[in-house]
Every structure is written in structure tokens, then in C-alpha cells.
Number of protein chains: 2
Amino acid sequence: MIREACPVLAPQRRERIRTLVREGVARVEDLRKTLKVSVATIRRDLEVLEEQGKVRRVHGGAVSTESRLEESVFDDKTTQSSKEKLRIAEEAYRMIEREESIFIDGGSTTLFLARMLCDRNDLTVVTNSLRAALELAEKGPRVILTGGELRRISQTMVGPLTSAVLGQVRVDKAFMGTMGFCLTNGLTTTDPNEAYVKNLVAEHANQVILLADSSKAEKVCFARVSDWDKVDCLVSDDKLPPSFAKSLRKLGPKVRMT
Amino acid sequence: MIREACPVLAPQRRERIRTLVREGVARVEDLRKTLKVSVATIRRDLEVLEEQGKVRRVHGGAVSTESRLEESVFDDKTTQSSKEKLRIAEEAYRMIEREESIFIDGGSTTLFLARMLCDRNDLTVVTNSLRAALELAEKGPRVILTGGELRRISQTMVGPLTSAVLGQVRVDKAFMGTMGFCLTNGLTTTDPNEAYVKNLVAEHANQVILLADSSKAEKVCFARVSDWDKVDCLVSDDKLPPSFAKSLRKLGPKVRMT
DNA sequence: TCGAAAACGATCAAAATCAATCGAAAACGA
DNA sequence: TCGTTTTCGATTGATTTTGATCGTTTTCGA
């Protein structure tokens, strides 16, 4: 036995395990060598961390809990043209002022925005995106979830129940995503339930800011969301055709291309 | 004994401890060496500082309340008696029938229950727990989130907005957690907002089933949730005193001990 | 399908840490 | 200066954490 003096505190060690696991997978044996403690201790730590939902144990080690979701269809979207999406999100971030209340929609571009907010304690964030809520679950602004039925594909809350909460709040700015947008049909998406929620959000926002990369331009999907008169600003990337931007500006919205 | 002349004043020393802890973590032994006082003094200082909410003590030292470490330590208490909690959850699972709609409350015991449901496509699950929703985010039953303000500590949605959704649904069985329960005061928890939600859920459930291990027995917390007449069944572990179970049955609820 | 190797969980003992107590020294007020 | 209060250090017994061992389970290749 002969236990060594504890070199690091247990919570510190667990936090290290957590970050190591986040990198991908972490085998028990590797963790033992890195942290210089017995496998029993590693196992106990993993047990605690799993209990807290921080990691998921597997035979031989542990994997990140977040990885499960990121494997799904969802993550395909986050990798595609993620450069543009990140730049769009950064531009959107600059539009947020102090002490504002904002809405964050589901989708990958808006998720980038949500990630940037975890150091802002002055904001109030309303969202129907489970993923966005997760990003802000540990720290950051005040978070209000809309509630409603969980739509698995997009990990958002949709349906009539959503309106129950949305009817009782107003936000300064709503940052919305969309599956497609074009001059004639306005904003469209795949699911009517989601379209309904987006529309509802627009009604309860002082400003509607659409975050959509240029790949969405001239795309029309099944469910209609709204016309351009509801949209105050479109933030997109520089691959958006200038002619499109010019025509759009005539319809009302400002257009920012980063 | 033979006490040295006090090198620095107590408040000054505590402030130093505080800044040292703010760096991340500080071990008692290290503090003793740097401040040149006995461990007893260090402990006393840490005790005071924790009372003031300046630091959070852990075995071997203290961590900053601002760091990410803090939060991982926070629910250490929930990891206790996880065996019992798992057994309780299994017992609860057996109470669920086909095609039912159920509510799942926040808390670790109910989280175990949520994990067991990911193969059930026949159910409808209403929950105010972000963690429970996550467990069922990929596959499993239909999930409906209550919405509301996110309470970070418990990762649940609480507050008046919650009632907007809850008012529109009914569930067959509500599986509730609690921080404490006793014969005279009924169910209690720490946060009044959460107590309010629990109470509201009970109103919209045909059956209320309380999942609580025996460590919660005879504990009374700040916020009152409800009396026993709202509770149809208590599922606990076998360490619950038989006399307690007997007295409780007289008040109405069935009692199951696994 | 079987068997070996790896990994796991449970248990126990050692070491470190902790909480409680007591007595002494310093600080304080008169 | 005297008596009181506060602060501090040492001791002791309890608690927590950790590591080692052993029997069991899981995994993987033959």
C-alpha cells in the first residue's frame, strides 16, 4: 500500500480526466500513467464523473458524452462550410449589446454564436435549441428554454407547446437560422412545426437577424417560415451574389457579408 | 504549544489564502508552508472563507468558487448511495406500463430512470430536467420539455414560465425526486422555484411516485413542496427505518423498499 | 464456441486528512 | 497591571482517500 501524499486534489484530477476524455477517448491505463495514480482511483473518478454525466464509461476507459450527439447527422452540418458559419456567428456576436435579451434558434450557425456567449453574464438568452442550452448550461448568461416537443433531428423544441412560453417573453434580438432563403419565397425550412416556432419568435422580437451562409441562398424547402418584411438583417458570407444582396436590400432587410 | 508571535493578522492571512485559492486550487499542506502557520489555523481560515462563500473546501484543500472545478465538486453529494438510487430507479421502471405518459423530475435518482427508457418508443416523457432530456435525445420515447428558466445547479427548468407548458399536459405517472422528506413536514427541497414546479407537476399527474433513498429521510430543507396526501407511492431503499414506513403508510402513500 | 487475457467491482488496510478539544500565548480594554 | 477575549498550536479519535488483492465479468481471437 503505502499511499503517497496526494499530489493533486481530487477535483483537479477529475477535471483533468474530463478534459482528456473530451479530446476523444481515454483508456484507464493511459490515465493511470498520465495522472500517476492507481487504476482503482481512476475507476472511482470515472464512476463519479459518469454519475455527473460528464463522461460515459466504456470497457477499457471512457468517452465523451458530447461525442454521441456530434456523431449524428447534426455534426455533418457543423463541419460543412463551418468557416463561413463561424465568421457569420462572429459578426452576429458584434451586434449584441450589453444587457440585451436575445433568442437563439436551432441550427449549427446559431450554435457557434451560443458558444461565444458563455462568458457573458449580462445577457438573457431564450432558446428552443437543446444544443445551445447545453453550451450555456455550466456558466454564462441567464438561459430560458422554450419547452415543447423534442424534435430529434435538429435537437430543438417545437410544436404548439412552445408558444406557451414564447407568448410570455420578448427579446431584443432574435438570431434565426433557416434551411433555405430566396427572394420570392422568403424563408423556408423542412419542418412545419419548426417553421411555426420561427414565425412565432419573430413576432416576439424587436429585431430579427437571420444567420445563413450563402449555400442556403435560392433554396426553397417544404415549409414556409416568413416573408422578408419580418427580417431586419441578414448576416451571410461573402460568397453571396452581390445581385442577390442588392435585390434583397430593396425588400427591406439590411445585408451584412463577412 | 509555545505560540509564535503572529506574523500576520488573521484577516490579512485569509485574504492571501483567498488569492492563492483563486489561482485554481490550494492544498492545506502548501498553504501551511507558505503562510507558516499550523494546519489547524489553515483549516479554520478555510472554514470561515467557505462560510462566506469565498472558497469551496474539498478534501485536502480548497478550490475557487469561480473555477470550473467548483461545479464538478458540487454534486459530489449526489454520488453517494448510487447503488440504492439505481435499485430505486429499477423498481420505478417496473411501475411503468405500456403507452403511458410520465413525468420525470430533476435529480440523480430520476436520471437513472430516464436512462432506462431509451429503448421504449411507446412512452411519452415530460421532463423539466435538461439531463434527463439529454439521455433521451437520441432515441427513445417522445420527449416534451417543460421550458422555463435554467437553474444551473440542478440543470432543471424552473420558474413561472414552466407552468405555461405544464398547464397544458397531463401525465399518468409523475416520478419525483426530493431533497428531504419527513413525516411532519412532508416533502422539502432547497429552492422555492423548484418546489413550485414539483407542486405543479403533482397537480397534473394521476399518480405521484416519489423516488428517494433513505438518506433523505427525516431531512427538512428550506422550501416546502407538498404534504403526503399528494403522494401515491414512495420508492426507497431497504435502509429506511420500518417504523418510518409504517407511520408513513398511515398517512396514505404506499411504500416500496428495494 | 471456447479459453486466455484484460478489465472490472468489491473489499480491506494504510496513509492522509479532518473535526473536536484543550491549553497556552497574544491582544485588548480598563 | 489585571482579567477577559481572541487567536493559535498540539493532541486525539474519526473520516476520507487511496492502493493492493482477489474473485468475477467482459472482450477478443482461435
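Order of the sequence lines sets the chain letters (A, B, ...), proteins ahead of strands, with each chain counted from 1.
- If you measure from atom NE2 of B:His59 to atom P of D:dT18, you get 8 Å, rounded to the nearest angstrom.
- Residue-to-nucleotide contacts include a donor-acceptor pair under 3.5 Å from the side chain of A:Arg44 to the base of D:dG19.
- The residue B:Arg32 sits apart from the nucleic acid: no heavy atom pair falls under 4.0 Å.
- One finds no salt bridge joining B:Asp237 and B:Arg87 here, because no Lys/Arg side-chain nitrogen approaches an Asp/Glu carboxylate oxygen to under 4.0 Å.
- Whole-Å rounding puts the A:Gln12 CD to D:dT17 C1' distance at 16 Å.
- Between the P atom of D:dT18 and the CD1 atom of A:Ile17 lies a distance of 10 Å, rounded to the nearest Å.
- In this model, a donor atom of one side chain and an acceptor atom of the other lie less than 3.5 Å apart for B:Asn199 and B:Lys230.
- No contact: B:Val39 has no heavy atom under 4.0 Å from any strand.
- Evaluation of the side chain to side chain donor-acceptor pair (under 3.5 Å) test over residues 145-157 of chain B, restricted to residues two or more places apart or in two chains, returns A:Arg142-B:Glu149, B:Arg151-B:Ser154, B:Arg151-B:Asp191, B:Arg151-B:Glu194, B:Ser154-B:Thr156, B:Ser154-B:Glu194, B:Thr156-B:Glu194.
- Here the closest heavy-atom approach between residue A:Ala132 and residue A:Ile104 is recorded as CB-CG2, 4.1 Å.
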For DNA chain C, please output the secondary structure as dot-bracket, reading 5' to 3'. Pairs are Watson-Crick or G-U wobble, both atom distances under 3.5 Å; mark crossing pairs with [ ], other-strand partners with |, unpaired with a dot. ||||||||||||||||||||||||||||||
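- At the phosphate of D:dT18, neither OP1 nor OP2 sits under 4.0 Å from any side-chain N or O atom of A:Ser38.
- We find that CG of A:Leu35 is positioned 15 Å from C1' of D:dG19, with the value rounded to whole Å.
- When all heavy atoms of A:Arg13 and A:Leu35 are compared, the pair lying nearest together is CG-CD1, 3.9 Å.
- For the OP1/OP2 pair of D:dT7 and a distance below 4.0 Å, the side-chain nitrogens and oxygens of B:Arg13 include no atom meeting the criterion.
- C:dG9 atom C1' lies 15 Å from atom CD of A:Glu51, rounded to whole Å.
- With rounding to whole Å, B:Lys33 atom NZ is found 17 Å from D:dG9 atom P.
- Among the nucleotides D:dA20, D:dA10, D:dT18, the one closest to any side-chain atom of A:Ala40 is D:dA20.
- Proximity note for A:Arg43 (side chain, C-beta onward) versus C:dC8, D:dG9, C:dC18: the nearest is C:dC8.
- In this structure, B:Arg57 atom CZ and C:dC18 atom P are separated by 6 Å, rounded to whole Å.
- Rounded to the nearest 0.5 angstrom, B:Ser129 OG and B:Glu135 CD are separated by 9.0 Å.
- Distance CD (B:Glu47) to C1' (C:dC18): 11 Å, rounded to an integer number of Å.
- Side-chain contact of B:Arg115 with B:Tyr93: a donor-acceptor pair under 3.5 Å is absent, judged by distance alone.
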